[in-house]
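For this chain, numbers begin at 1 and follow the sequence in order.
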Amino acid sequence: MRSILEENDLVCAEVRHIQHDGSLDLQPRSQKYGKLQRGQLLTVPAYLVKRRKQHFHHLEQYDADLILGCNGFIWVGEHVVVDEETNSNEEQHKLSMEVEAFTPLATRRHICRLANVVRMLSALGFTLTVELIIQTVEASLASNIEINNMLGAQFYVQTAEREAKRRADLSRRMNGPW
């Protein structure tokens, strides 16, 4: 295990069991769990993350992975190709070393844009779902908002107004016209 992981590495795994002394037994169920690299870890209040069956999302249009943890930890990073055929840890380590060359600039920009959207939606107190995150990223692209301006007041107001309109429309559809 030490040949793959070092202290302070960021990993994704399920908690299998909590020991009496407070230590954890972690279970990586498949190859999609493991060391997280080339991305950003964000923390939001856990109540903002909507509990769903699926927490791992590959956002193909951005070549990024999004993990929405029910504990409030959110990972946005470069997409990792999962090879189910690779069984040995040594082979997996070799593959990760080969791929570690670089992350394309476009992918890094998408990761930053996604992370800024998560930060903004969290600050506004919106429940985080993959659909809302993608919708907000698309709105930022359509509005030609630069990544470094996404956390400014103008985009916050646009996003809050768009969400208020969406909720009002949804309420009208559910209640019918008066």
Side-chain angles (χ1 to χ4, degrees), residues 1 3-16 24 26-124 126-142 145-148 150-151 155 159:
M1 198 60 146
S3 65
I4 299 171
L5 300 173
E6 298 173 8
E7 290 182 21
N8 298 320
D9 278 348
L10 187 60
V11 296
C12 180
E14 288 185 1
V15 176
R16 188 175 71 186
L24 303 173
L26 299 178
Q27 175 182 6
R29 288 181 150 199
S30 70
Q31 298 254 340
K32 70 180 177 182
Y33 293 92
K35 189 173 179 178
L36 300 175
Q37 298 175 340
R38 294 183 278 174
Q40 295 184 34
L41 178 68
L42 308 164
T43 54
V44 300
Y47 64 85
L48 291 179
V49 180
K50 185 164 182 152
R51 191 171 289 275
R52 295 258 176 108
K53 232 179 184 180
Q54 182 69 27
H55 296 283
F56 289 78
H57 305 280
H58 173 168
L59 307 178
E60 290 181 36
Q61 65 270 42
Y62 307 117
D63 194 31
D65 288 335
L66 176 68
I67 303 173
L68 299 172
C70 291
N71 58 0
F73 288 109
I74 297 179
W75 173 257
V76 182
E78 183 179 7
H79 176 61
V80 177
V81 178
V82 177
D83 184 8
E84 296 295 335
E85 300 297 315
T86 305
N87 291 329
S88 78
N89 290 338
E90 202 170 298
E91 287 179 49
Q92 187 178 9
H93 184 62
K94 282 181 190 174
L95 281 175
S96 70
M97 294 302 282
E98 289 173 14
V99 177
E100 273 188 37
F102 69 96
T103 302
L105 180 60
T107 303
R108 285 186 277 161
R109 287 185 174 149
H110 289 310
I111 290 168
C112 290
R113 187 172 295 277
L114 285 160
N116 280 348
V117 163
V118 169
R119 287 181 183 99
M120 185 199 52
L121 293 173
S122 171
L124 289 171
F126 294 156
T127 301
L128 298 173
T129 62
V130 68
E131 295 84 11
L132 181 59
I133 292 169
I134 291 172
Q135 185 182 58
T136 308
V137 167
E138 294 298 326
S140 74
L141 291 168
I145 304 286
E146 292 293 323
I147 295 169
N148 58 340
M150 289 179 67
L151 299 177
F155 192 59
T159 302

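- Checked against side-chain contact (heavy atoms from CB on, under 4.5 Å), Arg16 has the following partners two or more places apart in sequence or in another chain: Asp25, Gln27.
- No side-chain heavy atom of Lys50 sits under 4.5 Å from any side-chain heavy atom of Leu128.
- Summarising the geometry, atom CG belonging to Leu105 is positioned 4.0 Å from atom CZ belonging to Arg109; distances are rounded to the nearest 0.5 Å.
- Under the 4.5 Å side-chain criterion, counting only non-hydrogen atoms from C-beta, Leu59 is not in contact with Val76.
- Every residue was checked against the ring pair (Phe, Tyr, Trp, His ring centres under 6.0 Å) condition with His55, not counting sequence neighbours, and none meets it.
- A donor-acceptor pair under 3.5 Å is absent between the side-chain atoms of Asp65 and the main chain of Phe56, judged by distance alone.
- Listed by chain and residue number, Glu131 satisfy the salt bridge (Lys or Arg N to Asp or Glu O under 4.0 Å) test with Arg52 (two or more places apart in sequence, or in another chain).
- Within the model, atoms CG of Asn116 and CG of Leu151 stand 4.0 Å from one another, a figure rounded to the nearest 0.5 Å.
- Met150 places none of its side-chain heavy atoms less than 4.5 Å from the side chain of Cys112.
- With a 4.5 Å cut-off on side-chain heavy atoms, Met120 and Phe155 count as touching.
- Here Leu114 contributes atom CG and Ile147 contributes atom CD1; the two are 9.5 Å apart, rounded to the nearest 0.5 Å.
- When the side-chain hydrogen bond (donor to acceptor under 3.5 Å, both in side chains) test is applied to Ser140, the partners found at least two apart in sequence or on another chain are Arg113.
- One finds the OG1 atom of Thr129 at 8.5 Å from the NE2 atom of His57 (value rounded to the nearest 0.5 Å).
- The ring pair (Phe, Tyr, Trp, His ring centres under 6.0 Å) check on His110 picks up Tyr62, with sequence neighbours excluded.
- Closest heavy-atom contact between Leu42 and Arg119: CD2-NH2, 3.3 Å.
- For Val49, the side-chain contact (heavy atoms from CB on, under 4.5 Å) partners two or more places apart in sequence, or in a different chain, are Val44, Leu68, Ile74.
- Between the side chain of Thr136 and the backbone N or O of Leu132, at least one donor-acceptor pair lies under 3.5 Å.
- Under the side-chain contact (heavy atoms from CB on, under 4.5 Å) criterion, Phe73 pairs with Leu41, Thr43, Asn71, sequence neighbours left out.
- In this structure, Pro45 and Ser122 approach most closely via the heavy-atom pair CD-OG, 3.8 Å.
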